[in-house]
Amino acid sequence: MTTEFTGQRPQTANLEDPLYYLSNMDTIVSWVADHHADLLTDRERNRLSAFANLGTGPRALLTRMVMRSGELFRADKLRYPELPVPEADALKLLVQEGWLDNSPELSLDDLFRLFTLAELRPVFGGWLQQQGHPKTLGKAQMRELLAEPFSEPRPLRDWMPDDGEAAQVVQLQDMALFDRIRLMFFGNLRQSWTDFVLVELGVQQFEPVPFTPESRAFQHRSEVDCYLQMHQCRERLDKGEPAADVWPDVPGPVDNPWLTSRRDRLLLELGRQAERQGEQELALQVWAASGHREARLKQLRLLERMKRFDDAWAIACQWQTTQLSDAEAQGLGRLLKRLAPKVGADKPEPVDNPPLREFTLTLPRPDTGTVELAAVQHLSTEAAPVVYVENTLINALFGLLCWPVIFKPIPGAFFHPFHIGPADLTREDFVARRAQAFEERFGLLKTHAYKQHIRDTFRNKQGIANPFVFWPVLDEALLELALHCIPAHHLESLFRRLLHNIKEHRSGFPDLIRFVPEAEQPEQRYEMIEVKGPGDRLQDHQIRWLQFFARQGIPASVCYVRWDDDEASV
DNA sequence: CATATTTCAG
DNA sequence: TTCACACACTCGC
DNA sequence: GAGTGTGTGTCTCTGAAATATGTC
Ligand SMILES: [Mn+2]
Ligand SMILES: [Mn+2]
């Protein structure tokens, strides 16, 4: 049986093939070798071709190990009856060919991951007893006590000299290469070999978007390196390594907008940790280097707290002259208001924000369930049903109407069969590259044809992944209510604002929507309601949507809930 | 011995 | 191994 | 009011096996 991919796209292997995982691995390896060879070093190319030339048994066993977690394995825990050769033979060959190291140095942590408590007790029991510790320690406590005196890594034989038949431990030698090809294939490190299986099981369905074999996530090796290096930095931060130690290893500015925004996010997080670790100057420096909105605001707030008002004022004024998103304008506005008196400048003109409709409900405290559900319970009637939809409804209507635009086969947007959405969805030029196509979909909103398009898409694309459609919360009844009650020109307003900044505007919608199908005024057939429990308050992006609703005449309000047994707040 | 958590497989 | 949201705590006015 | 940090549900599914941990 051939394991080559057939045709234009990588294929998922049938699960009745006991070596289905090997078939999938071969598919990825040959796809990368065919389409990304110029992004590989000579050594990497040779390694991949050596892999392809391994016998079925060793290749399958190596693949199993690559798919499992970690790089260290006990030979006695590798049991795969589907292999055509004994595991021991396959292992021996993999060691010979340099894919595995059969006597790796093991740290104490490695040892504790590889062996069970019962296996470790005989090894360290004596030593621990000599130190006066009880013999019944748990694994974590044992490791804690041993960490200091046994900090030196050593081979397994030196850890367990008494155990004549101690299990063999092997270490995978080229995990970095397998991660690299996975990254080049998927364009991210979040997806993996398991995507093939989930598709085959039918758990996940993807829109089949045609793409040319030249389509790929990376054009230059330096981009792959940059991605991998930033990923490492992120992992080190997550592990708790000091920001000052990680900062020197963050790649410098790049001219690729996608990698730039990933770098901006990394620097935002690095700055947060720096500040938490008391490194204020480092935080300022890192945030200054990040183009992320939140990084800029944090830089300014920190300067403010350090009483460097003139520095902050200068940066803020400079920033204000650029094109600001709603969120930026909101955050910057608050800062300027506070900074102005400190530097003796005139108070900035107050923005006149539209008033928001508000009302208060006093409800019995529910013994179970959230405040939103309590509000639904109270507000929902036969004639005016209320549904808890948050972001899902408007996003879904948009995703269904604009389905063909979202999955338009634009160069570079799709490059493997497992895309939830186009790779450039949150990039600056996403809409510009599809402007005409979006206008055509919006044109449908003026013709009443849109309802049928949305219904048809709902039925035809059922279950297929779409970045805007969360299928489990949608049903025919909800869809029909929404189509009946929300006027087309309201939908157009909502969708246009959504498109104006997808990343910032796809969330922040009110919790509830109330439908009043029989209302006479077509524009009064629904209302969106944000529920706020005691102690909760509107978030910035919720406020921005609510203000937008108010300006557009879209019915919305804020419902403040009080519990009727709560004396204090009466 | 019962229960929670982690890992793996498909 | 993220994202969106609620909730809890702090500070200065 | 504003900023910050934390917890929670959810993330792409389901079931089984291994093992850590707590209680008796
Ligand atoms: Mn909510
Ligand atoms: Mn709410």
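Letters A, B, ... are given to chains in the order of the sequence lines, protein chains preceding strands, and every chain is numbered from 1. Keep in mind the model is a prediction, meaning the values are calculated, not measured.
- Projected onto DNA chain D by closest heavy-atom contact, A:Arg305 and A:Pro472 fall at different nucleotides, the more 5' of which corresponds to A:Arg305.
- Across the interface with DNA chain B, nearest-nucleotide mapping of A:Leu15 and A:Arg113 shows A:Arg113 to be the residue nearer the 5′ end.
- The CD1 atom of A:Ile543 sits 8 Å away from the P atom of D:dA2 (whole-angstrom rounding).
- Between A:Gln542 and C:dA6 there is a side-chain N or O to OP1 or OP2 distance below 4.0 Å.
- Distances from the side chain of A:Lys139 to the nucleotides D:dT4, D:dG5, D:dA20 place D:dA20 closest.
- At the phosphate of C:dC3, neither OP1 nor OP2 sits under 4.0 Å from any side-chain N or O atom of A:His541.
- Spacing of P atoms, D:dG9 relative to B:dT6, comes out at 16 Å, to the nearest Å.
- Between A:Ser507 and the phosphate of C:dC5, there is a side-chain N or O to OP1/OP2 separation shorter than 4.0 Å.
- For A:Lys532 and C:dA6, the shortest distance from a side-chain N or O to OP1 or OP2 is below 4.0 Å.
- In this structure, A:Glu119 atom CD and D:dA18 atom P are separated by 13 Å, rounded to whole Å.
- Phosphate contact (OP1/OP2 of D:dT4, side-chain N/O of A:Arg301, threshold under 4.0 Å): present.
- Here A:Arg537 does not reach the OP1 or OP2 of D:dT4: none of its side-chain N or O atoms lies under 4.0 Å away.
- Between A:Thr194 and the phosphate of D:dT12, there is no side-chain N or O to OP1/OP2 separation shorter than 4.0 Å.
- Ring-centre distance between A:Phe196 and A:Tyr21: not below the 6.0 Å cut-off.
- Taking atom CH2 of A:Trp563 as the reference point, atom C1' of C:dC7 lies 13 Å away to the nearest angstrom.
- Spacing between C:dT1 and D:dG15 at atom C1', rounded to whole Å, works out to 22 Å.
- Taking atom C1' on both D:dC13 and C:dA4, the two are 22 Å apart, rounded to the nearest angstrom.
- Nearest-nucleotide positions on DNA chain D for A:Lys337 and A:Gly138 put A:Lys337 closer to the 5' end.
- Between A:His419 and A:Phe206, the gap from one ring centroid to the other reaches at least 6.0 Å.
- The cationic atom of A:Arg301 (NZ for Lys, CZ for Arg) does not lie both less than 6.0 Å from the six-membered ring centre of A:Trp287 and within 45° of the ring axis.
- Using a 3.5 Å distance cut-off with no hydrogens or angles, the side chains of A:Arg544 and A:Gln547 do not pair a donor with an acceptor.
- Between A:Asn391 and C:dC5 there is a side-chain N or O to OP1 or OP2 distance below 4.0 Å.
- If you check every strand for non-hydrogen atoms under 4.0 Å, A:Phe470 touches sugar and phosphate atoms only.
- Checked against C:dT1, D:dA20, D:dA2, the side chain of A:His231 finds its nearest nucleotide in C:dT1.
- At the phosphate of C:dA4, neither OP1 nor OP2 sits under 4.0 Å from any side-chain N or O atom of A:Lys503.
- Taking CD1 of A:Ile502 as the start and CZ of A:Phe430 as the end, the distance is 4.5 Å to the nearest 0.5 Å.
- Between A:Arg64 and the phosphate of B:dG10, there is a side-chain N or O to OP1/OP2 separation shorter than 4.0 Å.
- Picking from D:dT19, D:dT12, D:dT21 the nucleotide with the shortest atom distance to the side chain of A:Ala140 gives D:dT21.
- Between A:Trp127 and A:Phe150, the distance from one ring center to the other falls under 6.0 angstrom.
- The same atom, P, is picked in B:dG10 and in D:dG5; the two are 44 Å apart, to the nearest Å.
- Listed nucleotides: D:dG3, D:dT21, B:dA9. Nearest to the side chain of A:Arg338: D:dG3.
- Taking atom CD of residue A:Gln299 and atom P of nucleotide D:dT4, one finds them 13 Å apart after rounding to whole Å.
- Within the nucleic acid shown, A:Glu304 has no heavy atom closer than 4.0 Å to any nucleic acid atom.
- Within 4.0 Å of A:Glu200, counting heavy atoms only, lies no atom of the nucleic acid at all.
- OP1 or OP2 of D:dT4 lies within a sub-4.0 Å distance of a side-chain N or O belonging to A:Lys298.
- Side-chain N/O atoms of A:Thr27 and A:Asn24 include no donor and acceptor closer than 3.5 Å.
- A distance of about 30 Å separates the P atoms of B:dC8 and D:dT6, rounded to the whole Å.
- Across all strands shown, D:dT10 has no partner, as no Watson-Crick or G-U wobble contact with both distances under 3.5 Å is found.
- At B:dG10, one or more side-chain N or O atoms of A:Tyr20 fall inside 4.0 Å of OP1 or OP2 (strictly under the cut-off).
- Using a 4.0 Å heavy-atom cutoff across all strands shown, A:Glu530 reaches sugar-phosphate atoms only and no base atom.
- In this structure, A:Tyr80 reaches the B:dA9 phosphate: one of its side-chain N or O atoms is under 4.0 Å from OP1 or OP2.
- Here A:Arg334 reaches the OP1 or OP2 of D:dG3: one of its side-chain N or O atoms lies under 4.0 Å away.
- In the model, A:Gln273 has a side-chain atom that pairs as donor or acceptor with a side-chain atom of A:Glu269 under 3.5 Å.
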